[in-house]
Amino acid sequence: MPSVLIPVKELVKLCRDEGVDQIFVDAAHAIGCTEVDVKDIGADFYTSNLHKWFFCPPSVAFLYCRKSDKQSDLHHPVVSHEYGNGLAMESAWIGTRDYSAQLVVPEVVEFVNRFEGGIDGIKKRNHDRVVEIGEMLVKEWGTHLGSPPGMCASLVMVGLPTCLGISSDSDAMKLRTHLRDCYGVEVPIYYRAPKDEEVNPITGYARISHQVYNTIDDYYKFRDAVNKLVNDGLTCAQFSN
Ligand SMILES: Cc1ncc(COP(=O)(O)O)c(C=O)c1O
């Protein structure tokens with residue numbers, strides 16, 4: 001199920017217990033959305049984008065590398081004149097390019113601190129709000145959330161009405177396109193294959209998010225669009241590619 005919180009610390013431990021030598025965690029969404037303590041997690045490498053939930057412009061990310069003897073073997077894929085001076089130095093200068101996106105990080109930290117509770121306050125309010133809105137939507141559609149609220153951060157999976165007839169990845173994409181083109185709603189839709197024994201399974205989920213700039217009207221717009229499709233008796237089979 002996309003957007004579910006993964007118990008990464010426990011998984012890292014499991015891998016270590018099984019003798020895995022090097023562990024890399026791709027936590028693209030994590031920073032600004034959930035708790036991140038890279039030392040406590042204990043992976044060899046941990047990366048997260050600051051342009052997803054940390055208000056930075058595209059291309060800003062961090063890569064944490066655990067101190068280890070092996071680190072000297074590791075190089076940035078772009079070779080410039082800091083080559084051989086350690087990964088941190090190699091990564092800090094990868095030739096002549098525009099570094100301005102990275103330079104805004106201090107301003108962004110100052111910006112998030114203007115909100116009550118800083119980034120922790122933002123995370124908590126986003127989580128509480130997206131769960132509340134997700135629950136409003138599933139109640140309306142007689143479905144359920146894709147995971148318990150405790151396994152969500154600032155995104156939740158919302159079960160869509162079964163009468164929409166989402167029965168493949170292509171149907172999910174068609175519905176997403178239809179919502180964008182006809183209703184001005186942008187929301188990722190995922191197909192979930194039903195299990196053999198399931199009765200009236202929910203086969204489509206929308207991944208909704210909440211950030212400080214969202215208002216309840218954004219979600220009402222989505223709700224009303226889906227209700228209109230349902231009331232008009234439309235199914236994915238009728239949407240064009
Ligand atoms: C797990 C994961 N890895 C990587 C990416 C892509 O990141 P980037 O924007 O740096 O290409 C995403 C984007 O959502 C992601 O969820």
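Bear in mind that the values here come from a model prediction, so they are computed numbers and not experimental data. Nothing fancy with the numbering, it's 1 onward along the sequence. Whatever order the structure lists them in is the order used to number ligands and atoms, beginning at 1.
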Quiz item: For Asp120, what residues pass the salt bridge (Lys or Arg N to Asp or Glu O under 4.0 Å) criterion, not counting sequence neighbours?
Solution: Lys123
Every pair of nitrogen or oxygen atoms between ligand 1 and the protein that is under 3.5 angstrom apart - can you list them with their distances to 0.1 Å?
| residue | atom | partner | partner atom | Å |
| --- | --- | --- | --- | --- |
| ligand 1 | 3 (N) | Asp26 | OD1 | 3.1 |
| ligand 1 | 3 (N) | Asp26 | OD2 | 2.7 |
| ligand 1 | 7 (O) | Asn49 | ND2 | 3.2 |
| ligand 1 | 9 (O) | His51 | NE2 | 3.1 |
| ligand 1 | 10 (O) | Asn49 | OD1 | 3.4 |
| ligand 1 | 10 (O) | Asn49 | ND2 | 3.1 |
| ligand 1 | 14 (O) | His29 | NE2 | 3.4 |
| ligand 1 | 14 (O) | Lys52 | NZ | 3.0 |

Quiz item: Do the side-chain N and O atoms of Asp171 and Ser167 include a donor-acceptor pair separated by under 3.5 angstrom?
Solution: yes
Practice problem: Is it possible for you to check whether Arg97 lies under 6.0 Å from the centre of the six-membered ring of Tyr99, through NZ or CZ, and within 45° of that ring's axis? | Solution: yes
Exercise. Could you check whether the rings of Phe111 and Phe55 sit parallel, tilted or perpendicular, using 30° and 60° as the cut-offs?
Key: perpendicular
Quiz item: Tell me the salt bridge (charged side-chain N to carboxylate O under 4.0 Å, His left out) pairs involving residues 215-224, sequence neighbours left out?
Solution: none
Quiz item: Pairs in or reaching into residues 182-196: which pass salt bridge (charged side-chain N to carboxylate O under 4.0 Å, His left out), with residues at least two apart or in two chains?
Solution: Arg176-Glu186, Arg180-Glu186, Arg192-Glu198
